[in-house]
Amino acid sequence: MKKPSLHPSLIFFFLATLLPLILNVHSQPSSLPSDDSDFIRTSCNTTLYPDLCVSSLSNFSSSIHSNPTLLARAAISVTLSKSLELGSYLANVTADLLKSQEENVAPHHPTAAAVFHDCFENLKDAVDEMRGSMKQMRDLVSTGSLESFKFQMSNVQTWLSAALTDEETCTDGFKDVQDEPRKDEVCARVDDVKKLTSNALALVNRCVDKAIH
């Protein structure tokens, strides 16, 4: 395992700063018009976590309307935002654990910092993959060719599937961590991100199905 470093938190800071600039779907708090509400709820019923899906996407209704592509893009952007927040938290926890071990001021399990850092690295890979899928969705070119559309969307599906795998791998090492109170919080927050990623992938799949049929 690599020795944890402090600079990853800066990476996530700059990513979080740039995030509003790379998203073209805007969240605006508002009550859902009936048609938009029905569209979001119907779309979210195809996901594994429909309640989370509706609650996380309802504020995008004014820019989504009934467009499945924009809905999928919004789902990815929400997931990316939550992942960046989690990444910053993980970087800070890792730095704190490393400092405590170096100063020998806390009885942390010797592998705790390394496990948290490994989780951070997996999450960082997931963020890169989500950014790739977001870019592909933003640059989606309508050429009139169904095959071209399917190819572009297959890239999005591949990236999101890879991100989900990285997120699942993120917490693998935590079974070896003892007496670290932040372990449960990290696992819970990773689980939330996994659910959002799963929902985003389901909405991308639905977008492809709607285009084909």
Side-chain angles (χ1 to χ4, degrees), residues 15 18-84 122-169 190-213:
L15 284 174
L18 291 173
L19 186 59
L21 303 178
I22 65 174
L23 303 182
N24 291 337
V25 181
H26 304 288
S27 171
Q28 298 179 0
S30 63
S31 58
L32 283 168
S34 179
D35 289 346
D36 294 340
S37 175
D38 290 343
F39 172 71
I40 290 178
R41 288 195 182 94
T42 299
S43 301
C44 285
N45 281 338
T46 65
T47 70
L48 290 178
Y49 312 99
D51 291 341
L52 175 63
C53 179
V54 171
S55 64
S56 64
L57 296 174
S58 59
N59 284 344
F60 290 86
S61 61
S62 61
S63 55
I64 289 172
H65 300 299
S66 296
N67 187 316
T69 301
L70 291 180
L71 181 63
R73 189 193 302 177
I76 297 170
S77 76
V78 168
T79 308
L80 179 55
S81 178
K82 290 294 183 182
S83 299
L84 288 168
N122 280 295
L123 186 67
K124 188 168 68 172
D125 289 341
V127 165
D128 288 341
E129 288 147 358
M130 278 185 272
R131 292 179 72 208
S133 66
M134 190 66 197
K135 183 178 186 303
Q136 180 69 84
M137 291 293 290
R138 191 178 66 247
D139 297 341
L140 201 60
V141 177
S142 178
T143 62
S145 167
L146 179 59
E147 290 305 313
S148 174
F149 174 80
K150 288 168 62 178
F151 173 75
Q152 293 174 81
M153 293 301 284
S154 70
N155 290 334
V156 178
Q157 291 167 316
T158 298
W159 278 317
L160 287 178
S161 295
L164 192 55
T165 298
D166 284 324
E167 291 156 9
E168 290 170 346
T169 304
V190 171
D191 189 58
D192 288 341
V193 169
K194 286 194 298 187
K195 290 176 180 177
L196 288 170
T197 306
S198 171
N199 283 351
L201 180 56
L203 292 175
V204 167
N205 292 341
R206 184 176 190 271
C207 179
V208 175
D209 290 341
K210 295 284 284 186
I212 293 175
H213 299 102

side-chain contact (heavy atoms from CB on, under 4.5 Å) between Leu160 and Glu129, worked out: CA-CA 7 Å; Leu160 287 178; Glu129 288 147 358; over 6 Å; no

Asn199: partners by side chain to side chain donor-acceptor pair (under 3.5 Å), with sequence neighbours left out: Thr47

Yes or no on side-chain contact (heavy atoms from CB on, under 4.5 Å) for Ser43 and Leu57, after CA distance, side-chain angles and deciding distance? CA-CA 11 Å; Ser43 301; Leu57 296 174; over 6 Å; no

Can you measure from [atom1] ([X]) to [atom2] ([Y]) and round to the nearest 0.5 angstrom?
X      : Y      : atom1 : atom2 : answer
Lys124 : Asn122 : NZ    : CG    : 10.5 Å
Leu84  : Arg131 : CG    : CZ    : 8.0 Å
Lys150 : Met153 : NZ    : CE    : 12.5 Å
Asp166 : Lys194 : CG    : NZ    : 12.0 Å
Leu201 : Ser161 : CG    : OG    : 4.5 Å
Cys44  : Leu71  : SG    : CG    : 6.0 Å

Might you point out which heavy atoms bring [X] and [Y] nearest each other, and give the distance in Å?
X      : Y     : result
Met130 : Ser83 : CE-OG, 3.0 Å
Asn45  : Pro50 : OD1-CB, 4.0 Å
Ser133 : Ile76 : OG-CG2, 3.6 Å
Ser58  : Ile40 : CA-CD1, 4.3 Å

Taking the side chain as every heavy atom from C-beta outward, state whether [X] and [Y] have any atom pair closer than 4.5 Å.
X      : Y      : result
Val127 : Leu80  : yes
Thr42  : Arg206 : yes
Arg73  : Ile64  : no
Val208 : Gln157 : yes
Ser61  : Phe39  : no
Val78  : Leu196 : yes

Going by the rule side chain to side chain contact (heavy atoms under 4.5 Å, CB included), which residues pair with Thr165 if we only count those two or more places apart in sequence or in a different chain? Thr169

Between Thr79 (side chain) and Ala75 (backbone), is there a donor-acceptor pair under 3.5 Å? yes

List in chain and number order the residues that pass disulfide (SG to SG under 2.5 Å) with Cys207, two or more places apart in sequence or in another chain; answer none if no residue qualifies. none

Audit row: Asp192, Lys82, side-chain contact (heavy atoms from CB on, under 4.5 Å) steps and yes/no: CA-CA 9 Å; Asp192 288 341; Lys82 290 294 183 182; over 6 Å; no

Between Lys195 and Asp191, does at least one N-O distance fall below 4.0 Å, as a salt bridge requires? yes

